[in-house]
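In what follows, chains are A, B, ... by sequence order, proteins preceding strands, each numbered from 1. Values in this document were obtained by computation on a predicted structure and should not be read as measured data.
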Amino acid sequence: MNNNKMIKTDNRIKQLFKRHNESSKIMSLFLTAGYPDLESTVDLILGLEENGTDFIELGMPFSDPLADGPTIQYSSNIAIEKGITMDKIFGMVRQVRQKSEIPIVLMGYINPVLRYGIDEFCEEASKAGVDGLIIPDIPIEESGMISEKIRSQGLSLIYLVAPNSSDQRMQKIDEASDGFVYCVSVTGVTGAREGDEVAQSVARFINRVKQNVVKNPKMVGFGIKTHEDAQRIATDMDGFIVGSALIDTIREHYPENDWKEKVFDFVRTLKYGKS
Amino acid sequence: MKYDLPTKEGYYGNFGGKFVPEILIPVLETLEEAYNEAWADKEFRQEYLDLLNDYVGRPTKLTYANRLTEYYGKAKIYLKREDLCHTGAHKINNAIGQILLAKRMGKERIIAETGAGQHGVATATACAKFGVDCIVYMGAEDMERQKLNVERMRLLGAEVRSVESGSKTLKDATNEAIRDWVTNVEDTFYIIGSVVGPHPYPKMVRNFHRIIGDETRRQLQEAEGRGPDYLLACVGGGSNAIGLFYPFIEDESIKMYGLEASGLGANTDQTAATLTIGEPGVLHGSMSYLLQDKEGQIQLAHSISAGLDYPGIGPEHSYLRDSGRVTYAGITDDQAMKGVKLLSDLEGIIPALETAHAIAYLDELMPQTSKDEIVVLNCSGRGDKDMGTISKNL
């Protein structure tokens, strides 16, 4: 099967969306690899899955995360201080793969990827069991250097659309994307916001997304912090993505004895609402 | 050599581009369109030039440095006096250009980032002159080092926002400014202070500063009836250098030198010598040489000059380095301090610490020159802002 001419066409992300039952929303959670410490990431991923998470975005920490707000910036800095490296991230994914088939997307900035070497990076990611990549500082115009290499390893390359992307751009991004399209609900950096602020701007945006993103499933993210936010915002979307609110929850409870339980409680409530 | 860069996509060879989040792409496209239209519009150009003449104080003098020339006993040395610009440095050329563009685009909220404070002061000045709101991001450590400029910005009505993240210097102030921009794209214009950032900024900032080189050519023609043989300028992001160099790039008989800060030495971890020891990578929206570790994390830069301790550099300089058209060399903190002393003693001009890096390179360059040649050194700014650091280190 691993003949190098052979292209894997159905990674775990694509399988997930194929299986997806319209009646529920897919929940993707973002974790910073190496936060709150290097040992916990694998346990967290497995625990998130057990508690209702459908796939994982695993952040590759970068020293200068310009599209992220203070929460993810903070977690990235901690992970870097604790010695996170790209090889350690691949090692974490390998460990997860011994126990789980949850789709994993690596999310991070292009510089560490370039530094690792694009060919080597894509090959190692694929071998470790990664399914796709989100690189926010690579818009479609700059994707020439990476897109073929990513696809040749069977990885999905997921692009973002923003509220100020024109209809025509949304169509181009849909065409270039593979796996799903990440819909950034508000202009701004990552970080939880008040629900109303998100809801108002998101309604107009979602309408445009529906008309223009037709090839790929659609996931909405940025600014979601509760189950109610998620249900409201993800109407007409395939699912939703939460990052900062999860990191904030970890930050609030780590290193209490039962910090992981508290994080998993939050995750269950996020997915299913208050019981 | 025909020189026609950047490309339509914003590339200088392998360097440049637009490595930014999707939200900024439509903003950069609109900006580029507005800039191209404005630059082609005679009225806009005239308004810009009138402001440079009547408000900034251009053309700045090209001063023959007779005592410095005698000191080396070789080529004639001229100083291009950007230190005589209003606010004390070349930065105002660009701030005026960009504020005119912001007004033309109907933007009433201006943000900027600053390291040494000269760009912040220039932007605050331009905003005061045009009556628009101004927010300047500045690293907490730089605010401490450059208290005087912080006070100047505040007096000019700008809000100076202290950045506490990372190294608390220019790199982090730039991250914060970009985050603000991403959040407020509708009404905010980001005035970038050097030839860095995503396309079209490096091109735009270069073109607003090319007046330095254009004036030099004309003034030297009047004074000597000929052009220069050597051009020298300091390089942090590289805006004063590209302003001087750009009009001369096609004339390959002219040798050009960009002097960057090697801090305690390019072989130490206390350096800002990006082109000497950096590797290509992406920071703040463009591909260029960067100080980074083996994992691709950006390294902290060090220089005695707050204006030079940036781990990146303008993409056009990266191209000019690789193509061999410009020679780049590192100058240590100690050498820069000697440069301050030399120009102060011999010419009665206290240079900015940035400029002192270019002066220090004369020790290296002058022995290779001959008496019938001409050197032009860009005095990018005056040293008042650095008096605290200078007096501590003399």
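Neither the backbone nor the side chain of A:Pro70 comes within less than 4.5 Å of any heavy atom of chain B. Heavy-atom distances place the side chain of A:Ile173, and not its backbone, under 4.5 Å from chain B. At a 4.5 Å heavy-atom cutoff, the contact between B:Glu29 and chain A is made by side-chain atoms alone. With a 4.5 angstrom heavy-atom cutoff, A:Pro136 touches chain B only via backbone atoms. Within the 4.5 angstrom heavy-atom criterion, atoms from both the backbone and the side chain of A:Phe62 approach chain B. Neither the backbone nor the side chain of B:Asn184 comes within contact range of chain A, judged by heavy atoms closer than 4.5 Å. No part of A:Met60 comes within reach of chain B, as not one of its non-hydrogen atoms sits under 4.5 angstrom from that chain. Heavy atoms of A:Val161 lying under 4.5 Å from chain B belong exclusively to its backbone.
Nearest heavy-atom pair across B:Val282 and A:Asn111 is N-OD1, 2.8 Å.
Enclosure of atom CD in A:Glu120 by more than 12 non-hydrogen atoms of other residues, nucleotides or ligands within 6.0 angstrom is indicated. Atom NZ of B:Lys294 has 12 or fewer neighbouring heavy atoms from other residues, nucleotides or ligands inside a 6.0 Å radius. In this structure, B:Glu164 places its CD atom where more than 12 heavy-atom neighbours from other residues, nucleotides or ligands lie under 6.0 Å away. When the shell of 6.0 Å around CG of B:Asn14 is examined, it contains 12 or fewer heavy atoms from other residues, nucleotides or ligands.
No donor-acceptor distance shorter than 3.5 angstrom exists from the side chain of A:Arg115 to the backbone of B:Gln297, with no hydrogens or angles considered. Judged by distance alone, with hydrogens and angles left aside, the side-chain atoms of B:Asn175 form no donor-acceptor pair with the main-chain N or O of A:Leu66 at under 3.5 Å.
Rounding to the nearest 0.5 Å gives a distance of 5.0 Å between NE2 of B:His284 and CG of A:Asp64. Taken from CD in B:Glu295 to CD1 in A:Ile84, the straight-line distance is 9.0 Å, to the nearest 0.5 Å. We find the OH-CG distance between A:Tyr109 and B:Leu283 to be 12.0 Å, quoted to the nearest 0.5 Å.
For the set A:Ile80, A:Asn77, A:Ile138, the entry with the most heavy-atom pairs within less than 4.5 Å of chain B is A:Ile80. Ranking B:Gln299, B:Gln292, B:Glu9 against chain A, the residue ahead of the rest is B:Gln292, based on heavy-atom pairs under 4.5 Å.
Using a 4.5 Å heavy-atom cut-off against chain A, the contacting residues of residues 16-27 of chain B are B:Gly17, B:Lys18, B:Phe19, B:Val20, B:Pro21, B:Glu22, B:Ile23, B:Ile25, B:Pro26, B:Val27.
By the 4.5 Å heavy-atom criterion applied to side chains, A:Gln73 and B:Arg179 are counted as neighbours.
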